[in-house]
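Notes to accompany the following structure.
Quantities reported herein were computed from a predicted structural model and do not represent experimental measurements. Values below: all heavy atoms of this structure, side chains included; hydrogens, waters and symmetry mates excluded.
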Amino acid sequence: ILEANFYRKFMASLLHPEPHPVSLLDIERWLGHWMSGTAPYHLFSSASSTALIERVEKKVCAVIAQLGFKPIQFTLPHFQFASTLMENT
C-alpha cells in the first residue's frame, strides 16, 4: 500500500540528487510546500515563477523521461458559456 502523496516525495527525491540538483527551496516551491503567509507567489512576494521554471524545467523533463513518460499534446476544448448562450437568445 502506498502512502498518500507518495509521488510528491518520490519526485522530490529524484530532483535533488547530483548532478545538477534542484535546490530544496525550489523543490518546495514547485511542490507547493509553504506555510500560511509565506507563499512564494503571494501578491507582495518578489519570487518569480518564470525564474523558477527556468531553474527546474530541464531537470523535471529529464526525470519524467527517465521514468518512461512521453509528452502528449493537449488542446483545451472550446466551451460555450451560459453568458454567451443568453446573449444569443
Side-chain angles (χ1 to χ4, degrees):
I1 296 176
L2 295 174
E3 179 182 332
N5 287 327
F6 81 93
Y7 56 91
R8 294 169 63 85
K9 293 177 183 178
F10 180 61
M11 280 300 291
S13 70
L14 294 176
L15 291 173
H16 191 62
E18 296 289 339
H20 314 295
V22 174
S23 76
L24 292 176
L25 180 61
D26 282 345
I27 290 171
E28 289 177 2
R29 287 181 176 169
W30 184 66
L31 293 175
H33 293 171
W34 52 75
M35 302 300 290
S36 180
T38 63
Y41 307 111
H42 185 271
L43 177 63
F44 301 109
S45 173
S46 62
S48 167
S49 56
T50 304
L52 173 65
I53 291 167
E54 289 173 353
R55 289 191 302 270
V56 302
E57 181 178 25
K58 287 182 183 176
K59 183 74 174 200
V60 169
C61 289
V63 166
I64 290 171
Q66 284 176 333
L67 294 173
F69 292 97
K70 296 184 175 146
I72 59 171
Q73 185 173 357
F74 178 76
T75 305
L76 291 173
H78 297 283
F79 294 105
Q80 189 170 17
F81 295 100
S83 61
T84 309
L85 293 172
M86 297 294 249
E87 291 172 3
N88 294 332
T89 58

Connected hydrophobic set around Ile72, excluding itself, where side chains approach under 4.5 Å: none
Distance (rounded to the nearest 0.5 Å) between [X] [atom1] and [Y] [atom2]:
{"X": "Leu31", "Y": "Tyr7", "atom1": "CG", "atom2": "OH", "result": "9.5 Å"}
{"X": "Leu67", "Y": "Met11", "atom1": "CG", "atom2": "CE", "result": "6.5 Å"}
{"X": "Arg8", "Y": "Trp30", "atom1": "CZ", "atom2": "CH2", "result": "8.5 Å"}

Is Val60 reachable from Phe10 through a run of hydrophobic residues whose side-chain heavy atoms are each under 4.5 Å from the next?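 Shared cluster, yes.
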Are Leu24 and Ile53 grouped together when hydrophobic residues (ILVMFWY) are joined by side-chain heavy atoms under 4.5 angstrom apart?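 In one cluster: no.
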Main-chain N/O of Val22 paired with His16 side-chain donor or acceptor, under 3.5 Å: yes
Trace of the side chain to side chain contact (heavy atoms under 4.5 Å, CB included) decision for Val56 with Leu15: CA-CA 9 Å; Val56 302; Leu15 291 173; over 6 Å; no
Can you run down the side chain to side chain donor-acceptor pair (under 3.5 Å) pairs that involve residues 51-73, sequence neighbours left out, and say none if there aren't any?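 Qualifying pairs: Asp26-Arg55.
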